[in-house]
*Asks:* 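Let me give you the structure first, and then I'll get to my questions.
Every chain is numbered from 1 and lettered A, B, ... according to where its sequence line falls, protein lines coming before strand lines.
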Amino acid sequence: MATDSPVRVRFAPSPTGLLHIGGLRTALYNYCFARKHDGAFILRIEDTDRARYVDAAEEDIREALEWTGLDIDEGPDAGGPHAPYYQSERKEAYRTYAEQLVEDGHAYYAFDTEDELDAMRASLATEENPNPKYDAQTRTEMRNSLTLSDAKVDELLDAGAEYVIRLKVPQGEKIHFEDEVRGHVSFDASGLDDQVLLKSDGMPTYHLANVVDDHRMEISHVIRGEEWLSSTPKHILMYRAFGWDVPTLAHLPLILSPNGGKLSKRDADEMGIPVFVTDYKEAGYEPEALVNYLALLGWHPGDDRELFSLDELVDAFSLDRVGSSGTQFDADKLRWINEQHLREKDDASLLERVRDVAAAEGYTPSDDALQEIIDLTLDRVQMAHEIVTDNRYFFEDPETYEEAGVEKRWKDDSADLLLAYADRLEAADAFDTDTVERELRDLADAHDVGAGRIIHPARLAVSGRSYGPGVFGLMVGVGRDACIRRMRTAAERLG
RNA sequence: GCCGCGUUCGUCUAGGGGUCUAGGACGCCGGCCUCUCACGCCGGUAACACGGGUUCGAAUCCCGUACGCGGUACCA
């Protein structure tokens, strides 16, 4: 294993759709590992599947990485010594490598058509073995350069017949490797099939392109999802056939849906758990929070800390603290982490953040007013947008009054008390929390009632709700004219 | 079906032969604070999948079973 070489890791997504949350976590772990070891973080676009290629996917990946702050050292935009970073642009190079394998006896041409393959599988499939392989056994009965004469093979090749190149998996061999998160892993080669390396359209499969690129880009550590664990022995075989060192391997546990299954678009929608990174952005999560949460999903810092900035994650990260079991997504915890990050934001950036949110809702308060609203609401929300969307009374008069609140707090004398309070506020020579409170308490004394007798109706009148920030601050945040107006309106509406 | 990987509170996890009457966090419940709601603080609930073995001693090591997940494509 390449242990002394400089750390070079890659995030190698396939542009087949929007970037999945699991993909972002893979990118994050790679990023942290690279930064931790002063290595390089490389982005490589694995666009070898023409059929599933989605044009907007690459832009989405780029945006997701930028949003979360995972800076790329080498890649399509950043450039680098191993360009191009698109596999589709290296089509011919892979063919050369595949042919080299054929020449060396580690791979072979196969001319079987899709129908022939289907027929083979159909005839061999049994209940015991529903997925027959193209392996050491079956390849002897198929049309390939192992069963056909050299002359026939040349003839087919010359005639431009469609073919693939398949890996010639050795028989009865045990393939062992060390995984940084799982320890020792071994597979029996007879359980593998003769993996297609070069497709009939001339494109490499993932397996070929991945091994070739990881080698030529001098990737030191392959950190990827557990879904690749089963194909790792094929990759090892290829490294061996090429005579290359195998990078250090680390397979990350998969992210599961809260009900245990795979995190799918469908049940994610049903449980309000976005699958795509862009959906988190749209839902209003702080990128720092998402990153923090994702880091903790399958990795543990070794102490009791839970709140991390990206830099702190880098500092604390190590592969040997990555867990090996699948991990269920917990939206509540994410929200909690989001809340913590929101509170750690400095005033200026929080103000800017909330200003954007307000603007999106059609509100354009002054910075002073907005700052006041933030001060009043920050410890009552988990999401930035909730400062605005859960507290619209700062921007507009309430149209309705919370029923349970009215039931509980609105008494026979409430209207009269509020009317009197409104008059006092109108006459007051200031409108700050002290004045507002003093006027209220004086009024309560004058009527010989508890302050709550006015406080609660006032809150109801001004915000339409029975809960929220302390009334005095709330009223100042709403403003004198609006408060007076709303109290008089409520007195009229609620009697 | 076969192959592989996994299994500690509901969830994320710590712990990796004795320090474990199993620790932390989220959630949930209760209390305090209080004009309400939050915040904060205090307290509580709740787990070693099961069965065998090894050992003086097992959550920790081994085997088996169950369950979960992944793979089993000219998809990645």
*Asks:* Write down the distance separating the C1' atoms in B:rA25 and B:rC62, rounded off to the nearest Å.
*Replies:* 33 Å
*Asks:* Which value, in whole Å, describes the distance between the C1' atoms of nucleotides B:rC29 and B:rC9?
*Replies:*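 The same atom, C1', in both gives a distance of 15 Å.
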*Asks:* Reckon A:R409 has a side-chain N or O less than 4.0 Å from the OP1 or OP2 of B:rC37?
*Replies:*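 Checking A:R409 against B:rC37: no side-chain N or O falls below 4.0 Å of OP1 or OP2.
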*Asks:* Please measure how far the C1' atom in B:rA22 lies from the corresponding atom in B:rU8, and state the result in whole Å.
*Replies:*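 Looking at atom C1' only, B:rA22 and B:rU8 are 8 Å apart.
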*Asks:* With sugar-phosphate meaning primed atoms plus P, OP1 and OP2, does A:D193 contact a base, only sugar-phosphate, or nothing at under 4.0 Å between heavy atoms?
*Replies:* sugar-phosphate
*Asks:* Is a side-chain donor-acceptor pair under 3.5 Å present for A:Q371 with A:D347?
*Replies:* no
*Asks:* Taking N and O atoms by type only, does the side chain of A:R343 place a donor or acceptor under 3.5 Å from a partner on the base of B:rC39?
*Replies:*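 Absent.
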*Asks:* If I pick the C1' atom on B:rG6 and the same atom on B:rA46, what distance separates them, to the nearest angstrom?
*Replies:*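 It comes out at 23 Å once rounded to the nearest Å.
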*Asks:* Measuring to OP1 and OP2 of B:rC35, would you say a side-chain N or O of A:R459 lies under 4.0 angstrom away?
*Replies:*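 Indeed not, no polar side-chain atom of A:R459 lies that close.
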*Asks:* If we take the P atom in both B:rG10 and B:rC48, what is their distance in whole Å?
*Replies:*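 Result for the P pair: 8 Å, nearest Å.
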*Asks:* Cut-off 3.5 Å, side chains only: do A:T126 and A:N129 have a donor facing an acceptor?
*Replies:* no
*Asks:* Quick one: does A:R182 reach the base of B:rC5 with a side-chain donor-acceptor pair under 3.5 Å?
*Replies:* no
*Asks:* Going from CD on A:E306 to CH2 on A:W336, what distance comes out if it is rounded to the nearest 0.5 angstrom?
*Replies:* 5.0 Å
*Asks:* For the P atoms, the ones on B:rG71 and on B:rA76, what distance do you get once it is rounded to whole angstrom?
*Replies:*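 These two P atoms come out 14 Å apart once rounded.
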